[in-house]
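Notes follow the structure.
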Amino acid sequence: MLAADAWRAIFEFFWHSGTRHVMVSQELGMTPGHVKALLELQPGDARTMGALADALHCDASNATWLVDRLEEQALVERGTVPTDRRVKTVSLTPLGVKTRSAVIERLLEPPEELLALERDDLEELRAALGKLPRRPAPFAQ
């Protein structure tokens, strides 16, 4: 099936070149989980710890551990919901916003293999991918 072949090629390419997020994480002294948490937080928008755990598809205690480490690096800060002080929130600090932007910039740099393609091939690829449904990405700035 043609769609399965195309998906397999895309998946295998990103699987084998997907270490970029690991390298970016290591450069920043973080784990990929920390980077994912950083990307799930939007500048100027506090999220509840529960919502962050849901977005990360992890247990609340794991989200707490990730936030603890990000807080130690002054990338996030905790708060409360005025109507229910038992609910904890997390938001990016100014340093967190800056770091998040740097992470996104690094992650969105095209890999060498993609840069090596001919212009016509890249235009065809972009056109084909443009027909796929767009989903909200954590890369919004």
Under a 4.5 Å side-chain heavy-atom rule over Ile, Leu, Val, Met, Phe, Trp and Tyr, are [X] and [Y] clustered together?
| X | Y | value |
| --- | --- | --- |
| I10 | L115 | no |
| V103 | L108 | yes |
| V81 | V76 | no |
| M23 | F14 | no |

Closest approach of [X] and [Y], non-hydrogen atoms and distance?
| X | Y | answer |
| --- | --- | --- |
| L92 | R100 | CD1-CD, 3.5 Å |
| A53 | A60 | CB-CA, 4.0 Å |
| L38 | G96 | CD1-O, 4.3 Å |
| R47 | A55 | NH2-CB, 3.4 Å |

Side chains of [X] and [Y]: closer than 4.5 Å at any heavy-atom pair?
| X | Y | result |
| --- | --- | --- |
| V87 | T80 | no |
| L52 | L56 | yes |
| T99 | M30 | yes |
| T93 | V97 | no |
| P32 | V35 | no |
| V67 | M49 | yes |
| E71 | R78 | yes |

Could you tell me the separation between the [atom1] atom of [X] and the [atom2] atom of [Y], rounded to the nearest 0.5 Å?
| X | Y | atom1 | atom2 | value |
| --- | --- | --- | --- | --- |
| H57 | K36 | NE2 | NZ | 5.0 Å |
| R106 | E27 | CZ | CD | 4.0 Å |
| E40 | D54 | CD | CG | 10.5 Å |
| S25 | L107 | OG | CG | 7.5 Å |
| L114 | E109 | CG | CD | 12.5 Å |
| K88 | T64 | NZ | OG1 | 11.0 Å |

Q: Answer yes or no: are there more than 12 heavy-atom neighbours, outside E112 itself, under 6.0 Å from its atom CD?
A: no
Q | E72 atom CD, over 12 foreign heavy atoms within 6.0 Å | A | yes
Q. Sub-3.5 Å donor-acceptor pair from the side chain of R69 to the main-chain atoms of H34, do we have one?
A. no
